[in-house]
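Single-structure report; data block below.
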Amino acid sequence: MGIPNVKRFRIQHPETGAFATIMAVLPKGADQQAYLADAAKRFDWKAWQEAQQKQFKVRVGQQKQKKAK
């Protein structure tokens, strides 16, 4: 069961131009652009980049072996 009214927003890194996705519930009448600008400034981009690198990193000795026919 998910959280009702949650929306996904894409924020852009101010220097590199990389995109990250955040999920938030904004109250009615809130300024969406101001919230996203503030969130992009406060976002932990270093930890996000490290997580992205770890996600696709292939460790030595862990590759799948091809079956010889």
Side-chain angles (χ1 to χ4, degrees):
M1 183 170 161
I3 300 171
N5 301 327
V6 77
K7 292 185 180 177
R8 293 177 186 230
F9 299 101
R10 291 188 59 162
I11 56 174
Q12 186 174 8
H13 190 283
E15 297 171 6
T16 63
F19 285 98
T21 303
I22 60 172
M23 298 175 75
V25 177
L26 297 180
K28 286 185 179 180
D31 186 11
Q32 181 177 344
Q33 294 302 323
Y35 171 78
L36 293 178
D38 185 46
K41 289 179 194 172
R42 295 185 293 122
F43 191 75
D44 190 0
W45 289 101
K46 184 177 178 184
W48 179 80
Q49 287 175 340
E50 290 174 1
Q52 292 296 316
Q53 289 173 352
K54 285 182 181 179
Q55 184 176 7
F56 297 110
K57 184 177 179 180
V58 176
R59 292 179 23 195
V60 176
Q62 297 293 321
Q63 296 91 350
K64 287 187 176 181
Q65 300 292 324
K66 286 188 175 181
K67 269 191 173 177
K69 289 186 177 181

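In this chain, numbering begins with 1 at the start of the sequence shown.
- For Ala40 against Gln12, the heavy-atom pair with the smallest separation is CB-O, 4.0 Å.
- Cluster partners of Leu26 are Phe9, Ile11, Ile22, Tyr35, Leu36, Phe43, Trp45, Trp48, counting Ile, Leu, Val, Met, Phe, Trp and Tyr whose side-chain heavy atoms approach within less than 4.5 Å, directly or via other members.
- Contacts classified as salt bridge (charged side-chain N to carboxylate O under 4.0 Å, His left out) and involving residues 24-53 (residues at least two apart or in different chains) are given here: Asp38-Arg42.
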